[in-house]
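Throughout, protein chains are lettered first and strands after them, A, B, ... in sequence-line order, and every chain is numbered starting at 1.
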2 protein chains.
Amino acid sequence: MSKVDNKPKRFTEVLDAAAEVFAEKGYHGASTTDIADKLEIKQAGIYYYFKSKDSALAEVCRLGVQGYVERLIVISQADLSADRKIREAIREHMQPFHDLPNYVQVFQYERRYLAGESRAEVNKLASKYEGELCRLFEAGVAAGDFRQDLDCKLATLALLGMCNSVTVWYDGKSKKQIQRIADHFADFIIDGILR
Amino acid sequence: MSKVDNKPKRFTEVLDAAAEVFAEKGYHGASTTDIADKLEIKQAGIYYYFKSKDSALAEVCRLGVQGYVERLIVISQADLSADRKIREAIREHMQPFHDLPNYVQVFQYERRYLAGESRAEVNKLASKYEGELCRLFEAGVAAGDFRQDLDCKLATLALLGMCNSVTVWYDGKSKKQIQRIADHFADFIIDGILR
DNA sequence: ATAAAATTTTATTAAGTTATAAAATAATAC
DNA sequence: GTATTATTTTATAACTTAATAAAATTTTAT
């Protein structure tokens, strides 16, 4: 269940349908008819809620990134060791994979089809998030917790790539499952796999 | 059937154009006109080379995975420690990101739009590759090189996700660069980032 | 119950899509 | 240089698509 600001319930249902269809078929592979079908209304009906197909994508993407930066900043300011912060960040990063998988997936894979303004907006957020994450690694190096020669930018990209790939195969069975995955992934990147 | 290698040069050019356009705009976002434009011929002209747009995607995807399983098997049979094999596998995995980025990207992101036969074919290869990779981790655990409690399946997925994400931001400047990335990523997953 | 507001349908437009077939042109072989 | 083959163009068919406007219907508030 996604809560969309304070807009009426029906608006959320339509947005959910769009997110679902975009996630399943891709933005260009999905038609406005597909969205309408899912809602059991006629194709033209969805234009009561959206100005265009493109704006529907923008809205879904926006909700797909929503809160990520804020949650990461909270973690970065917490009184924790660098490796604990990374662990916590991974958990927080993956939680939405369970809670709003379609929105996150669409943000991840379809945001590149956004145009102009809305594209810049979500990319800016993604960029900020990446930067914040990178600073977590840098803090770990500065504190002497992480290797001195660590390429923090590369570690950031590795972590993000690793984590984000989960959305492709995660089946969304239980909340416990996603946390288990998060913790294992944290082990991989922090401790490695050697005995 | 590696068509490209023994078919006339022009066929390769058309396939390259398809790969480029599919990578750039996505399969559904790309039109046959886009492909033709890139070749400076008319839209109908590409049907001399392909039965359908779908078959072009199938061919691009096939070339995108081509050789992956074979190269991994060579590594798995080599006389190397488990962690060395993983390192080597990552290098080999990433080399095509430099050599044929469009084909690999299309395989990664667009293969899901393939239908029936061709979809099953590439997925089978991807599955086999994943299995082989997993066995590398299992061998490491069995040999006592890796942690006894390692979730090998999860490690496999983590590694693949991490590595594959590189195609999104890699700019293809030099061969050295991709090897540097590969080696760093190997460090991350094998040794972790702790000091 | 009735007016107002919200939602959905019907009907339509204009543009873009893949794919085919036949004709035209260019390249190569003899 | 002509015949043969390879490649590209022209023309077009059959669909699908996003989006608009007005009418119809349903829901909500008074």
Whole-Å distance separating the CZ atom of F50(A) from the C1' atom of dT20(D)
17 Å

Tell me the closest heavy-atom pair linking A82(A) and G140(A), and the distance in Å.
CB-CA, 3.3 Å

F97(A) and Y170(A): aromatic ring centres closer than 6.0 Å?
no

Would D151(B) and R180(A) pass as an ion pair if we require N to O under 4.0 Å?
yes

Over how many whole Å does the gap from Q43(B) atom CD to dA19(C) atom P extend?
9 Å

Just N and O in the side chain of K42(B): are any of them under 4.0 Å from OP1 or OP2 of dT8(D)?
no

In whole Å, what is the span from the NZ atom of K25(A) to the C1' atom of dA18(D)?
16 Å

Specify the residue among G45(A) and Y48(A) whose closest nucleotide of DNA chain C lies further upstream toward the 5′ end.
Y48(A)

Does Y49(B) put a side-chain nitrogen or oxygen below 4.0 Å from OP1 or OP2 of dT8(D)?
yes

Rounded off to whole Å, could you give me the CD-to-P distance for the E13(A) and dA6(C) pair?
17 Å

Phosphate OP1/OP2 of dT8(C) contacted by R10(A) side-chain N/O (<4.0 Å)
yes

To the nearest Å, how far apart are K53(B) NZ and dG16(C) P?
15 Å

NA contact type, A30(B), heavy-atom cut-off 4.0 Å: base, sugar-phosphate, or nothing?
sugar-phosphate

Relative to the 5' end of DNA chain D, which residue comes earlier, H28(A) or A44(B), by the nucleotide with the nearest heavy atom?
A44(B)

Residue among H98(A), M94(A), H184(A), Q95(A) satisfying side chain to side chain contact (heavy atoms under 4.5 Å, CB included) with Q179(A)
Q95(A)

Pairs counted as Watson-Crick or G-U wobble with both distances under 3.5 Å: what dot-bracket string results for DNA chain C, using | for bases tied to another strand?
||||||||||||||||||||||||||||||

From CD of E40(A) over to P of dT7(C), roughly how many Å is that when rounded to an integer?
18 Å

Looking at Q148(B) and V141(B), would you say the former's side chain and the latter's main chain have a donor-acceptor pair under 3.5 Å?
yes

Heavy-atom closest pair (A186(A) atom, R87(A) atom, distance to 0.1 Å) is CB-NH1, 3.5 Å

In this structure, how many angstroms lie between the C1' atom of dT18(C) and the CD1 atom of I46(B), rounded?
9 Å

Value in whole Å for how far the P atom of dA19(D) lies from OH of Y47(A):
4 Å

D83(B) side chain to S81(B) side chain, donor-acceptor N/O pair below 3.5 angstrom:
yes

